[in-house]
Amino acid sequence: MKGMNDLFAKDLQTRRFVCSKAIHVFENYGFSEIQTPVLEELSLFVRSVGENTDIVSKEMYTLEDRDGTKICMRPENTAGVVRALVENNLISADQEAKVFYIGPMFRRERPQKGRLREFTQIGAEFLGSPAPSADIEFLAMIHDWLSDLPIGKIKLVVNSLGQPDERGNYLTALRAYFEPLTDKLCADCQRRLKTNVLRLLDCKNENCSKLADAAPSIHDYLGEESSAHFQTVQAGLRNLGIAFEISNRLVRGLDYYTRTVFEFIAESGLGAQNTVAGGGRYDGLAKELGGPDVPGIGMAAGVERMVLLLEENGYVQELKRPDLSLISADPAGRQKAFDLLFALRRKGLFVDFDHKERSVKSQMRRADRLRSKEALVLGNQEVESGKAVIKNLESGETREIRLSDL
RNA sequence: GUGGGUGUAGCUCAGCUGGUUAGAGCACUAGGUUGUGGCCCUAGGGGUCGAGGGUUCAAAUCCCUUCACUCACCCCA
């Protein structure tokens with residue numbers, strides 16, 4: 001399947017490394033794991049992510065269940081997690097929830113570097129606190145996780161999108177600004193003007209970019225509370241020594257975001273898709289999904305992108321190597337080796353055995369290729385005497401042992 | 001959905017102004033005397049040259065179509 005990969009030990013080891021680091025940090029911050037279904041009702045995403053977003057309007061894998069319900073493969077997981085928390089009564093006005101998840105997401109896009117149709121996200125959701133300190137804690141958690149990984153320089157960019165009404169006013173102002181300039185905009189932006197004005201702000205076209213420079217800034221449309229919230233978040237980050245940039249052009253493609261939004265961006269190694277983690281506050285989402293009016297903040301990180309970064313930065317996860325290779329020189333030794341194979345494995349050792357009846361030399365080569373730590377050659381002599389020689393394949397040293405001592 | 005690039009042994013690629021049995025490095029297999037790896041040496045196995053069609057006396061090499069992979073746009077993790 002296009003954009004959906006088969007993964008092997010080498011890839012999976014690195015993923016496991018990324019995930020284990022995340023789990024460790026997230027749990028220290030008080031988050032606990034949650035898992036929700038890959039399939040959800042289509043309407044869930046229409047209501048939360050937004051009907052007119054690219055994700056919902058053209059990137060979802062949808063199907064009809066046998067009873068006629070429209071369902072889909074989840075394109076992201078915030079909606080599903082909030083739905084799960086609401087349905088299980090795990091959030092209320094005075095009960096907070098801190099959860100994280102790891103799982104596959106699906107979006108039908110053209111694959112490219114750092115973009116797949118089936119990809120894995122590590123995400124976290126923190127519901128129940130409207131306080132800017134929650135934002136700070138949340139950002140610090142992601143920062144701590146990422147800075148613990150050898151993935152090169154990561155830049156944190158933050159912005160505030162305000163409350164829905166504030167953003168609404170801003171969008172109106174933005175449209176009013178760009179509309180007279182329509183014929184000066186690139187074709188994409190002329191379309192964006194109608195569908196997604198915010199996107200106009202980070203168009204790569206030079207002309208558009210210039211025009212965008214003089215466009216109104218969201219920051220002038222934030223109310224007192226939103227503004228203060230944003231300022232407090234910034235001060236908190238500074239206080240923690242977490243470097244960040246403010247960008248009034250940072251836009252996120254999902255409708256549910258309010259106030260603080262952020263992206264952690266890789267400075268090199270990822271090509272065009274360089275956002276490694278992104279997220280923001282979504283104060284109205286729980287209510288929108290039929291739950292209590294509880295604010296929240298969340299984020300999602302792309303595991304495959306992080307794996308790419310680790311590889312670019314020279315990280316290589318070593319495959320597991322055998323503790324011992326059993327090598328046979330003749331039928332008697334072979335039988336003994338085969339017996340020992342299971343006895344030793346049952347003691348918890350990683351032991352290798354060659355099922356091809358080959359020369360000792362060939363078997364030794366295999367042991368070397370597998371990077372076995374030690375090799376033990378068994379034949380008539382050893383079976384009869386009960387003594388054998390174990391060779392350390394790193395140092396070349398040998399030592400004599402009694403077979404009964406194994 | 002749009003645009004660019006690439007498709008030759010398991011891997012990385014050379015060959016591509018058309019011409020005898022398609023190559024290299026690495027990997028793999030077996031040997032280098034009697035039961036011991038890594039280095040080195042020798043030999044060997046392995047390829048419908050992505051697929052289909054066309055041009056030609058002759059195509060991996062030219063043309064068309066198609067598929068796959070890849071990068072980028074859109075957008076996003």
Side-chain angles (χ1 to χ4, degrees), chain A residues 1-3 5 18 49 52-59 74-78 102-123 142 186-189 191-192 195-196 198-200 202-205 250-254 262-266 270-279 298-309 325-334 337 352 354 356 358-383 388-398:
Chain A
M1 287 271 115
K2 190 194 277 293
N5 293 328
V18 170
V49 173
N52 296 318
T53 59
D54 279 23
I55 290 178
V56 170
S57 65
K58 58 183 204 193
E59 294 173 2
R74 62 186 183 194
E76 61 101 55
N77 208 22
T78 297
I102 300 171
M105 308 297 154
F106 304 82
R107 302 214 275 242
R108 199 187 182 288
E109 302 177 83
R110 281 289 271 274
Q112 67 187 72
K113 190 177 175 107
R115 164 185 289 153
L116 297 165
R117 289 184 170 184
E118 175 178 7
F119 58 102
T120 313
Q121 286 190 330
I122 298 182
I142 305 163
C186 71
D188 276 332
C189 281
R191 178 180 49 76
R192 289 183 180 115
T195 59
N196 197 347
L198 284 176
R199 277 286 159 209
L200 233 146
D202 58 5
C203 179
K204 281 153 194 144
N205 181 296
L250 173 62
V251 169
R252 309 237 72 229
L254 289 65
F262 58 86
E263 279 182 9
F264 287 83
I265 297 168
L270 271 188
Q273 308 306 322
N274 57 359
T275 298
V276 69
M299 77 92 188
V303 174
E304 289 79 4
R305 287 183 187 178
M306 310 202 58
V307 169
L308 277 177
L309 283 177
S325 278
L326 290 174
I327 289 162
S328 55
D330 52 43
R334 214 177 142 66
D352 183 64
D354 191 345
K356 297 188 198 110
R358 304 197 291 175
S359 67
V360 170
K361 180 173 188 152
S362 293
Q363 293 178 69
M364 283 298 285
R365 280 193 181 144
R366 171 187 168 111
D368 188 60
R369 189 166 5 98
L370 295 176
R371 304 194 60 224
S372 258
K373 290 170 192 156
E374 296 185 311
L376 171 58
V377 180
L378 294 165
N380 253 318
Q381 296 168 30
E382 287 77 10
V383 174
V389 170
I390 287 191
K391 184 170 190 177
N392 183 310
L393 294 181
E394 284 165 358
S395 64
E397 288 165 6
T398 56

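Residue numbers start from 1 in every chain, and the chains themselves are labelled A, B, ... in the order their sequence lines are given, proteins ahead of strands.
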Using the side chain to side chain contact (heavy atoms under 4.5 Å, CB included) criterion, which residues pair with A/Arg365? Sequence neighbours excluded.
A/Lys361
P spacing across the pair B/rG35 / B/rG31, given as an integer number of angstrom
11 Å
Please check if the side chain of A/Arg334 supplies one atom and the backbone of A/Ala329 the other of a donor-acceptor pair under 3.5 Å.
no
Figure out the CZ/P separation between A/Arg115 and B/rA72, and round it to whole Å.
9 Å
Mate of B/rG7 across any strand shown (Watson-Crick or G-U wobble, both atom pairs under 3.5 Å) is B/rC67
Answer yes or no: is there a donor N or O on one side and an acceptor on the other, between the side chain of A/Arg117 and the main chain of A/Pro111, under 3.5 Å?
no
Pairwise P distance, B/rU33 and B/rC71 [rounded to whole Å]
50 Å
Spacing of A/Lys2 atom NZ relative to B/rC67 atom P, expressed in whole Å
10 Å
Output the single nucleotide from B/rA77, B/rC74, B/rC71 whose closest atom is nearest the side chain of A/Lys113.
B/rC71
Under 4.0 angstrom, heavy atoms only, what part of the nucleic acid is A/Gly114 near: base, sugar-phosphate, or nothing?
base
Let me know, please, whether A/Phe119 or A/Gly271 comes out on the 5' side of the other along RNA chain B by nearest nucleotide.
A/Gly271
Using a cut-off of 4.0 Å on non-hydrogen atoms, how would the nucleic acid contact of A/Leu116 be classed: base, sugar-phosphate, or nothing?
base
Pair A/Arg252 + A/Glu263: basic N to acidic O under 4.0 Å
yes
Mark yes when over 12 heavy atoms from residues, nucleotides or ligands other than A/Glu394 sit less than 6.0 Å from its CD; otherwise mark no.
yes
Between A/Asn5 and A/Thr120, which has a closest nucleotide on RNA chain B that is more 5'?
A/Asn5
OP1, OP2 of B/rC74 versus side-chain N and O of A/Arg192: anything below 4.0 Å?
yes
Separation between the P atoms of B/rU61 and B/rU6, rounded to whole Å
15 Å
Identified pairing partner of B/rU42, criterion: Watson-Crick or G-U wobble below 3.5 Å:
B/rA30
Once base and sugar-phosphate atoms are separated, protein heavy atoms under 4.0 Å mark nucleotides 25-37 of chain B, 5' to 3', with B, S and - as ---SSSBB--BBB
Would you please name every residue forming a side-chain hydrogen bond (donor to acceptor under 3.5 Å, both in side chains) with A/Ser372, sequence neighbours left out?
A/Ser325
From B/rA77, B/rC75, B/rU2, pick the nucleotide closest to the side chain of A/Arg110?
B/rU2
Touch check for A/Arg107, heavy atoms < 4.0 angstrom, all strands: base, sugar-phosphate only, or nothing?
base
Of the candidates B/rA72, B/rC74, B/rA77, the side chain of A/Ala272 sits closest to B/rA72
Base partner of B/rA59, which must satisfy Watson-Crick or wobble distances under 3.5 Å:
none
Of all residues at least two apart in sequence or in a different chain, which pass the salt bridge (Lys or Arg N to Asp or Glu O under 4.0 Å) check with A/Glu374?
A/Arg399
Could you tell me how far apart A/Asp188 (CG) and B/rG3 (P) are, to the nearest whole angstrom?
14 Å
In whole angstroms, how far is the C1' atom of B/rC75 from the CG atom of A/Asn196?
9 Å
So what does A/Ala277 touch, heavy atoms closer than 4.0 Å: a base, only the sugar-phosphate, or nothing?
sugar-phosphate
Rounded distance (Å) that lies between atom C1' of B/rU70 and atom CG of A/Leu308:
13 Å
P-based separation of B/rA27 from B/rU12 [nearest Å]
15 Å
With sequence neighbours excluded, what pairs up with A/Arg366 under the salt bridge (Lys or Arg N to Asp or Glu O under 4.0 Å) test?
A/Asp352, A/Asp354
Searching all strands shown, indicate the nucleotide that pairs with B/rU21 (Watson-Crick or G-U wobble; both distances under 3.5 Å).
none
A/Arg107 side-chain N/O to A/Pro75 backbone N/O, donor-acceptor pair under 3.5 Å:
yes
In whole Å, what separates the C1' atom of B/rA60 from that of B/rG23?
12 Å
Taking atom P in both B/rC75 and B/rG5, what distance in whole Å separates the two?
24 Å
Find the partner of B/rG1: check Watson-Crick (N1-N3 plus N6-O4 or O6-N4) and G-U wobble (N1-O2, O6-N3) distances, both under 3.5 Å, and reply none if neither fits.
B/rC73
Taking any heavy-atom pair under 4.0 Å as a contact, classify A/Val276: base, sugar-phosphate, or nothing.
sugar-phosphate
Once you round it to whole Å, what is the distance between C1' of B/rC75 and CG of A/Asn274?
13 Å
Take atom CZ of A/Arg117 and atom C1' of B/rA77, then tell me their distance rounded to the nearest Å.
16 Å
Once side chain to side chain contact (heavy atoms under 4.5 Å, CB included) is applied, do any residues pair with A/Gln112, and if so which ones, sequence neighbours excluded?
A/Arg115, A/Ala272, A/Gln273
Nearest-angstrom distance, C1' atom, B/rU21 to B/rG47:
14 Å
Complementary nucleotide of B/rG47, counting Watson-Crick and G-U pairs under 3.5 Å
none
C1' atoms of B/rC28 and B/rA68, separation to the nearest Å:
27 Å
Just to confirm, is there a sub-4.0 Å distance from OP1 or OP2 of B/rA72 to any side-chain nitrogen or oxygen of A/Gln112?
yes
Atom CZ of A/Arg108 and atom P of B/rA77: how far apart are they, to the nearest Å?
19 Å
